[in-house]
Undergrad: 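Below: one structure in structure tokens.
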There are 2 protein chains.
Amino acid sequence: MNRTDYLQAAEAHCERRGCKLTALRRQVLELVLRHEGVVKAYQVLADLQKERGIAAPPTVYRALDFLVEQGLLHRVDALNGFVVCDHFECQHESMILVCETCGKVQEVDVIAALAGLRDVADAADFTLSRQNLTLTGLCKACRI
Amino acid sequence: MNRTDYLQAAEAHCERRGCKLTALRRQVLELVLRHEGVVKAYQVLADLQKERGIAAPPTVYRALDFLVEQGLLHRVDALNGFVVCDHFECQHESMILVCETCGKVQEVDVIAALAGLRDVADAADFTLSRQNLTLTGLCKACRI
DNA sequence: GGGCGAATGTTACTTTATAACATCAGTAGC
DNA sequence: GCTACTGATGTTATAAAGTAACATTCGCCC
């Protein structure tokens, strides 16, 4: 899916969910899309400032929070960053794989594989919500 | 395991691993032990200052990093906090369950259940390291 | 007791995130 | 058209989290 299609789909997705991908939110989403992998909020802020002169942290954080809420982005806690999710339509649960060496990130769907963890959680009297796990390890290139 | 036994076991654990649970590190560990569940670094710092007058962030962070490295604590990324691990002896992998409502935290072992995720990661040409996952959901009390 | 390495102290700063309040834009009802 | 409301954005200030860099001290080996 190219960037334009993605943005259009994202807009429709928000519409369907009863909220709006405003100009600002769209702009922030575009800025995140321009990066490979994880982006930091303050990086987005800097980019935004380049495009529109001034902008303060809350502007960016609000937009990012919105995008995460809509499922368009995932927050990667381990890195204090954000990644684009490009299958926001399906009710997915994913693993975000972060290479410890090169830092590259990829997202994989894991609905089925989570069943085991869900069982363990159940046994501990705990109901797991939908998850977007961040897991670390080594990518193919760094494994050697 | 009570606190004293825990500390003794922790000390032995470090010894075995060829490093030392110094007075400072031990004190920090004790401070973390005193809290239920997750503690923040700056909370520990405040506690430490109460006990010994002055202390700066690096003092605490260094001790916490050490304790995490030794497996005595886990870092909970999603909360920017730390929890005591009380089975640091075994080669475990755990899920840290965080209740979205009350914030309570518990740790469960999941070596077996992780096999499924490991398979998915393998399929994505990614080698998972040992994991301490943070997962969110609802605890029994908050589920209603 | 001199020298070495690890641990701790100290200062200063960076990065990340949010509270609180002001303003503005769209729109539903009159 | 005007008003009043709601949700989005702007603005200011500050809180919270984390680290770099260098100084000092402590324990230990020779």
Side-chain angles (χ1 to χ4, degrees), chain A residues 10-11 14-32 35 38-70 72-83 98 103 134, chain B residues 10-11 14-32 35 38-70 72-83 98 103 134:
Chain A
E11 189 148 14
C14 292
E15 194 81 25
R16 233 169 293 132
R17 295 174 49 112
C19 54
K20 275 192 221 159
L21 188 66
T22 61
L24 173 66
R25 290 164 175 172
R26 186 191 178 94
Q27 189 177 8
V28 167
L29 181 54
E30 279 195 68
L31 291 172
V32 177
H35 289 264
V38 175
V39 206
K40 306 270 198 157
Y42 272 68
Q43 178 62 57
V44 175
L45 177 58
D47 293 351
L48 191 63
Q49 286 169 337
K50 268 181 219 143
E51 294 200 349
R52 54 158 59 194
I54 59 159
T59 300
V60 165
Y61 277 102
R62 283 195 286 238
L64 290 172
D65 288 349
F66 170 85
L67 295 168
V68 168
E69 208 156 294
Q70 301 311 311
L72 299 168
L73 300 182
H74 296 306
R75 198 190 134 78
V76 184
D77 284 321
L79 305 175
N80 293 323
F82 299 84
V83 276
V98 181
T134 305
Chain B
E11 190 148 13
C14 291
E15 195 81 27
R16 232 168 294 130
R17 295 174 49 111
C19 52
K20 276 193 222 158
L21 189 66
T22 62
L24 173 66
R25 289 164 175 171
R26 186 189 178 95
Q27 190 177 8
V28 167
L29 181 53
E30 280 195 68
L31 291 172
V32 177
H35 289 266
V38 175
V39 205
K40 306 267 199 161
Y42 272 68
Q43 178 61 56
V44 175
L45 177 58
D47 294 350
L48 191 63
Q49 286 168 340
K50 268 181 218 143
E51 296 201 348
R52 54 159 57 193
I54 59 160
T59 299
V60 165
Y61 277 102
R62 282 195 287 236
L64 290 172
D65 288 349
F66 170 85
L67 295 168
V68 167
E69 208 156 294
Q70 301 311 312
L72 298 168
L73 301 181
H74 295 305
R75 197 190 133 79
V76 184
D77 284 321
L79 306 174
N80 292 326
F82 299 84
V83 276
V98 180
T134 304

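Convention: sequence-line order gives letters A, B, ...; per-chain numbering from 1. Predicted model only: the values in this text are computed from it and were never measured.
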Undergrad: Would you say the side chains of Arg25(A) and Gln70(A) form a donor-acceptor pair under 3.5 Å?
TA: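 No, Gln70(A) and Arg25(A) have no side-chain donor paired with an acceptor closer than 3.5 Å.
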
Undergrad: Would Leu45(A) and Tyr61(A) count as a side chain to side chain contact (heavy atoms under 4.5 Å, CB included) here? Give the steps.
TA: CA-CA 9 Å; Leu45(A) 177 58; Tyr61(A) 277 102; over 6 Å; no

Undergrad: For Leu45(B) and dT8(C), give me the distance from atom CG to atom P, rounded to whole Å.
TA: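 Taking atom P of dT8(C) as the reference, CG of Leu45(B) is at 15 Å.
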
Undergrad: Starting the side chain at C-beta, find the nucleotide from dG27(D), dA17(D), dT11(C) nearest to Pro58(B).
TA: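 It is dT11(C).
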
Undergrad: Nearest-Å distance, CG (Leu21(A)) to P (dT9(D))?
TA: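 Taking atom P of dT9(D) as the reference, CG of Leu21(A) is at 10 Å.
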
Undergrad: Among dT10(C), dC28(D), dG10(D), which nucleotide has an atom closest to any side-chain atom of Lys20(B)?
TA: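 Side chain of Lys20(B) sits closest to dC28(D).
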
Undergrad: Asn80(A) side chain N/O closer than 4.0 Å to the phosphate oxygens (OP1, OP2) of dA17(D)?
TA: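 No, no such contact exists.
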
Undergrad: Tyr61(B) has a side chain; which of dT12(D), dT19(D), dG27(D) sits nearest to it?
TA: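 Minimum distance to the Tyr61(B) side chain belongs to dT19(D).
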
Undergrad: Using heavy atoms to find the nearest nucleotide of DNA chain D for Arg52(A) and Phe82(B) separately, return the residue whose nucleotide is more 5′.
TA: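 This one resolves to Arg52(A).
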
Undergrad: Among dT8(C), dT16(C), dA17(D), which nucleotide sits nearest the side chain of Lys40(A)?
TA: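 In terms of side-chain proximity for Lys40(A), the closest of dT8(C), dT16(C), dA17(D) is dT16(C).
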
Undergrad: Going by side-chain contact (heavy atoms from CB on, under 4.5 Å), Val83(A) matches just one of Thr134(A), Val32(A), Val76(A). Which one?
TA: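 Passing option: Val76(A).
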
Undergrad: Verify side chain to side chain contact (heavy atoms under 4.5 Å, CB included) between Arg26(B) and Leu29(B), making sure each step is shown before the conclusion.
TA: CA-CA 5 Å; Arg26(B) 186 189 178 95; Leu29(B) 181 53; 5.6 Å; no

Undergrad: Given Phe82(B), which partner from the list Val44(B), Val68(B), Leu72(B) fulfils the side-chain contact (heavy atoms from CB on, under 4.5 Å) test?
TA: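 Answer after filtering Val44(B), Val68(B), Leu72(B): Val68(B).
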
Undergrad: Starting from C1' on dG18(D), measure out to CD on Gln43(B) and report it in whole angstrom.
TA: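 In whole Å, dG18(D) C1' lies 17 Å from Gln43(B) CD.
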
Undergrad: To the side chain of Ala41(A), which of dA17(C), dG10(D), dC28(D) is closest?
TA: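 Nearest to the side chain of Ala41(A) among the choices is dA17(C).
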
Undergrad: Are Tyr42(A) and dT16(C) stacked, counting the six-membered base ring, centres under 5.5 Å, planes under 30°?
TA: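 Base of dT16(C): stacked against Tyr42(A).
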
Undergrad: Where the side chain of Thr59(B) is concerned, which of dT10(C), dA17(C), dT9(D) is the nearest nucleotide?
TA: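 Closest of the options to the side chain of Thr59(B): dT10(C).
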
Undergrad: In whole angstroms, how far is the P atom of dA17(C) from the CG atom of Asp77(B)?
TA: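 Going from CG in Asp77(B) over to P in dA17(C) covers 12 Å.
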
Undergrad: Calculate the interatomic distance between Leu79(A) atom CG and dG18(D) atom P; express it in whole Å.
TA: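 It is 13 Å, rounded to the nearest whole Å.
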
Undergrad: Can you measure Leu24(A) atom CG to dC24(C) atom C1' for me and round it to whole angstrom units?
TA: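 After rounding, the reported distance stands at 14 Å.
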
Undergrad: Pick base, sugar-phosphate or nothing for Arg75(B), based on heavy-atom distances below 4.0 Å to the nucleic acid.
TA: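 Sugar-phosphate contact only.
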
Undergrad: Measure from the side-chain heavy atoms of Ala56(B) and tell me the nearest of dT16(C), dT8(C), dT11(C).
TA: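 For Ala56(B), the side-chain atoms sit closest to dT11(C).
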
Undergrad: Without decimals, in angstroms, what is the distance between Ile54(A) CD1 and dT23(C) P?
TA: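 Result: 15 Å.
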
Undergrad: Suppose we call a contact any N or O donor and acceptor under 3.5 Å apart; does that hold for the side chain of Arg62(A) and the base of dG7(D)?
TA: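 Donor-acceptor pair under 3.5 Å: no.
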
Undergrad: Let me know the distance between CZ of Arg25(A) and P of dG7(D), rounded to the nearest Å.
TA: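 Roughly 11 Å, once rounded to whole Å.
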
